[in-house]
Participant: 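One structure is given below, represented as structure tokens, and several questions about it will come after.
Position 1 is the first residue of the sequence, and the numbers go up from there.
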Amino acid sequence: MKIKKSLARQSHYLGTKIRNLRKRNGLTLDDLSSRCIKLDAEYAPSVSYLSMIERGKRVPREEMLEVIATVFQKQPEWFLDDAAEVQDIIPTKGNRGGIRGMALEPSFLFSNEILQIAIPEMLSQTGTTGRQFAHLLIRAHQEHHQNHFPDLERAAEEVGLKKMPLHVDDLIEITEARGLKISWFTRLPDSEYDSNNSNKMVTSFFKPPRTVYLNKILKKNTTRLKYELAVHIGHNVLHNSDGEKSIMVAGERAQYDSQHNKTTSSSQLDAQDILHAWRDFECSFFAAALLCPKVPFRQLLDQHGYEIDICKKIEVSEAVVMRRMTAVSAYPHWHYFDAYGQGKLRAVYRGNGIPLPWGNMTIAHDPCKHWSVFRMLEKQAEGTAAQFSILTENGVAKIYCCESIKVKDLNDASHVLCTGIELNSAIDAQGHDSVTLVDELQRLCVDNGGSSKIPSKIKKILNSVARILNINWIARGIEQEAQLICVRGAVCPRKPSCYCNQ
């Protein structure tokens, strides 16, 4: 084989090419070594050996280079000096969140003092609740930082020592070690929580000074019990169990609530609304980080191709696994929805900037029924479903792939979890033209009434991207028809429009 003779004398730029490819795809040396071991443990390079290769201190043997080349879907010859490298494309972090920013002038009208006067009036006139506004602020912050909160990660790792899985007994031991007492209840005293809505069930609450009360129904659901214990541990670690009567519920509303927010229907902005909403978010993020510590969880995802059913291996819910993917993946362009129905989004994350199919504050009367989350809501399906979607935003067509699953909460209410990624960036990172590719697929969908099989030449590129990202459900989605989707029926790209007779 020609490469065998030329490897040593044509390896001057080999290390640089490997390093550029690794960074372009957001991989650490540990990640790349792990990928190689998964393919071929015998010839896979160690982390230290990879580092030496990248610095030009070592030349890999032929078999090792073939393993590295397979990870990046390249031919081994590409790494030699006489093969030109595509322009180095390293994704920038930037502000790619779903909530768009804009320059506001004159700037003095947006001072802290003026906003603190104007915002309560705006909420009152629009009917937006203080809690909704607080969650909007938090989501903007979350998406701006692309779900990276290292302080919360470190706090969780110090408590859980990066152990995975943590079992119920481990969490009870941590709870008690922090001076908290656990008490079980069957029927919640009316004095503890004003719950007249049968769609909600109080599952646990913290009562000052040191007691965590757990609903006995949690004993039948290990994953939820672990999550709620982890949330209360988070409240203790982050807020020193500061006297808040923190309450968790199952049903159509947020999982984590506070006693100060009994009147969520009010459009008045209570001074504590934003603080309590932020603490809710902190404890939820802490709980997921405690149950799925970043490094071991990312390695587990990598080993199993980002399959949702790894939740069974570590005894956590599908929701925790799918939310946690968006925080630990090397690829930054993720979104996540948890939907009970139109206008009932319990959780949203849009690090890839995808528009919302509907909102929580006003119900859309013409939502696109072809979003994967909508299609799954209408089906009595078991298991997961992958879908490729084409969505035009600001004149640019983008391609997304997502995985959806229908589950039930403790109150027996069905809801759909959906996690997905934008692939334009991944396609560009491999030296292809995403605009041309997506435009071609979009035209095929339009010509075929809104959906189309993915042609073989595009399949080949998408399969290559799937292997590089190491996400199995992308490969499964490729075998299904791609769907045209829109944000609202008024801009439906299908011919004829789905809403032409409405």
Participant: Without swapping roles, check the side chain of Arg210 against the backbone of Arg178 for a donor-acceptor pair under 3.5 Å.
Facilitator: yes
Participant: Any heavy-atom pair between the side chains of Gln483 and Ile390 that's under 4.5 Å?
Facilitator: no
Participant: So does Glu228 pair up with Arg224, basic N to acidic O under 4.0 Å?
Facilitator: yes
Participant: Short question: side chain of Asn472, backbone of Glu307 - any donor-acceptor pair under 3.5 Å?
Facilitator: no
Participant: Run the side chain to side chain contact (heavy atoms under 4.5 Å, CB included) test on Val328 and Val295 for me, step by step, so that the C-alpha distance in whole Å, both residues' side-chain angles and the decisive distance to 0.1 Å come before the verdict.
Facilitator: CA-CA 8 Å; Val328 307; Val295 173; over 6 Å; no
Participant: Which pair of heavy atoms, one from Gly130 and one from Leu123, lies closest together, and at what distance?
Facilitator: CA-CD1, 4.2 Å
Participant: Is there side-chain contact between Phe388 and Tyr400, with at least one heavy-atom pair below 4.5 Å?
Facilitator: no
Participant: Shortest non-hydrogen contact from Ala385 to Ser372?
Facilitator: O-OG, 4.5 Å
Participant: Work out which heavy atom in Cys401 is nearest to a heavy atom in Trp473; give both atom names and the distance.
Facilitator: O-CZ3, 3.5 Å
Participant: Check the side chains of Asn25 and Gln430 for a donor-acceptor pair under 3.5 angstrom, ignoring hydrogens and angles.
Facilitator: yes
Participant: Could you check Asp280 against Arg131 for side chain to side chain contact (heavy atoms under 4.5 Å, CB included), going step by step and ending with a plain yes or no?
Facilitator: CA-CA 11 Å; Asp280 295 352; Arg131 176 60 58 133; 2.7 Å; yes
Participant: Going by an N to O cut-off under 4.0 Å, is there a salt bridge joining Glu54 and Arg22?
Facilitator: yes
Participant: Verify the distance criterion only: is there a donor paired with an acceptor across the side chains of His232 and Thr175 at less than 3.5 Å?
Facilitator: no
Participant: Quick one: closest heavy-atom pair of Cys283 and His239, and the distance?
Facilitator: SG-CE1, 3.5 Å
Participant: Are any of the side-chain nitrogens in Arg298 or Glu153 under 4.0 Å away from the carboxylate oxygens of its partner?
Facilitator: no
Participant: Working to the nearest 0.5 Å, report the span between CD of Glu282 and CZ of Phe149.
Facilitator: 9.0 Å
Participant: Taking atom types as modelled, is there a side-chain donor on Gln387 or His370 under 3.5 Å from an acceptor on the other?
Facilitator: no
Participant: Answer whether the closest heavy-atom distance between the side chains of Val316 and Tyr227 falls below 4.5 Å.
Facilitator: no
Participant: Decide yes or no for Val237 and Ile233: does some side-chain heavy atom of the first lie under 4.5 Å from some side-chain heavy atom of the second?
Facilitator: yes
Participant: Can Glu157 and Lys294 be counted as an ion pair, charged N to O under 4.0 angstrom?
Facilitator: no
Participant: Between Gln442 and Thr392, do the side chains contain an N or O donor and an N or O acceptor separated by less than 3.5 Å?
Facilitator: yes
Participant: How many angstroms lie between atom CG of Leu180 and atom OG1 of Thr211, to the nearest 0.5 angstrom?
Facilitator: 8.0 Å
Participant: Do Thr203 and Asn215 have side-chain N/O donor and acceptor atoms under 3.5 Å apart?
Facilitator: no
Participant: Using the test ring-ring contact (aromatic ring centres under 6.0 Å, His included), find all partners of Phe337 that sit at least two apart in sequence or belong to another chain.
Facilitator: His335
Participant: Report yes or no: does Ser329 contribute a side-chain atom to a donor-acceptor pair with the main-chain N or O of Met325 at less than 3.5 Å?
Facilitator: no
Participant: So Ile471 and Leu301, side chain to side chain contact (heavy atoms under 4.5 Å, CB included) or not? Walk me through it.
Facilitator: CA-CA 9 Å; Ile471 300 176; Leu301 288 172; over 6 Å; no
Participant: Are Arg24 and Asp428 within salt-bridge range, i.e. N to O under 4.0 Å?
Facilitator: no
Participant: Let's go through Arg323 and Ser284 carefully: what are the C-alpha distance in whole Å and the side-chain angles of both, what is the deciding distance for side chain to side chain donor-acceptor pair (under 3.5 Å) to 0.1 Å, and is it a yes or a no?
Facilitator: CA-CA 11 Å; Arg323 282 167 45 209; Ser284 178; 2.8 Å; yes
Participant: Distance check, rounded to the nearest 0.5 Å: Leu29 atom CG versus Leu27 atom CG?
Facilitator: 9.5 Å
Participant: Can you list the steps and then say if Thr28 with Asp31 is a side chain to side chain donor-acceptor pair (under 3.5 Å)?
Facilitator: CA-CA 5 Å; Thr28 65; Asp31 293 333; 3.1 Å; yes
Participant: Can you find a heavy atom in the side chain of Tyr349 that is under 4.5 Å from one in the side chain of Met322?
Facilitator: no
Participant: Checking the side chain of Gln132 only, and the main-chain atoms of Thr129 only, is there a donor and an acceptor separated by less than 3.5 Å?
Facilitator: yes
Participant: Less than 4.5 Å apart, any side-chain heavy atom of Leu171 and any of Leu291?
Facilitator: yes
Participant: Return the CG to OH distance between Leu423 and Tyr331, rounded to the nearest 0.5 Å.
Facilitator: 5.5 Å
Participant: Will you find, in the side chains of Asp409 and His415, an N or O donor that is under 3.5 Å from an N or O acceptor?
Facilitator: no
Participant: Determine whether a donor-acceptor pair (N or O, by modelled atom type, separation under 3.5 Å) exists between the side chain of Asp338 and the backbone of Ala347.
Facilitator: no
Participant: In terms of side-chain heavy atoms, does Tyr340 have a donor or acceptor partner in Ser414 at a distance below 3.5 Å?
Facilitator: no
Participant: Among Ile310, Thr223, Thr419, whose side-chain contact (heavy atoms from CB on, under 4.5 Å) with Val321 holds?
Facilitator: Ile310
Participant: If the test is side-chain contact (heavy atoms from CB on, under 4.5 Å), which one of Leu417, Thr384, Val416 qualifies with Lys406?
Facilitator: Val416
Participant: So, do Trp278 and His141 sit near enough that their side-chain heavy atoms are less than 4.5 Å apart?
Facilitator: yes
Participant: Within a strict 4.5 Å, meaning less than it, do heavy atoms of the Cys311 and Val320 side chains meet?
Facilitator: no
Participant: Might you point out which heavy atoms bring Gly449 and Arg494 nearest each other, and give the distance in Å?
Facilitator: O-NH1, 3.4 Å
Participant: Taking Gln142 for its side chain and His145 for its backbone only, find out whether a donor-acceptor pair lies under 3.5 Å.
Facilitator: no
Participant: What's the verdict on side chain to side chain contact (heavy atoms under 4.5 Å, CB included) for Leu152 and Leu238, showing C-alpha distance, side-chain angles and the deciding distance?
Facilitator: CA-CA 9 Å; Leu152 296 177; Leu238 302 173; 3.9 Å; yes
Participant: CG/Leu290 to NZ/Lys226 distance, rounded to the nearest 0.5 angstrom?
Facilitator: 9.5 Å
Participant: Shortest non-hydrogen contact from Met164 to Pro296?
Facilitator: CE-O, 3.5 Å
Participant: Tell me, please, whether Tyr336 has Arg324 positioned over its six-membered ring: NZ or CZ under 6.0 Å from the ring centre and within 45 degrees of its axis?
Facilitator: no
Participant: Quick check for you: to the nearest 0.5 Å, what is the distance between Ile454 atom CD1 and Glu440 atom CD?
Facilitator: 11.5 Å
Participant: Under the criterion ring pair (Phe, Tyr, Trp, His ring centres under 6.0 Å), I'd like the reasoning laid out for Phe374 against Trp371: C-alpha separation, chi angles, the key distance, then a yes or no.
Facilitator: CA-CA 5 Å; Phe374 261 141; Trp371 285 68; 8.1 Å; no
Participant: In terms of relative ring orientation, are Tyr213 and Phe205 parallel, tilted or perpendicular, with 30° and 60° separating the classes?
Facilitator: parallel
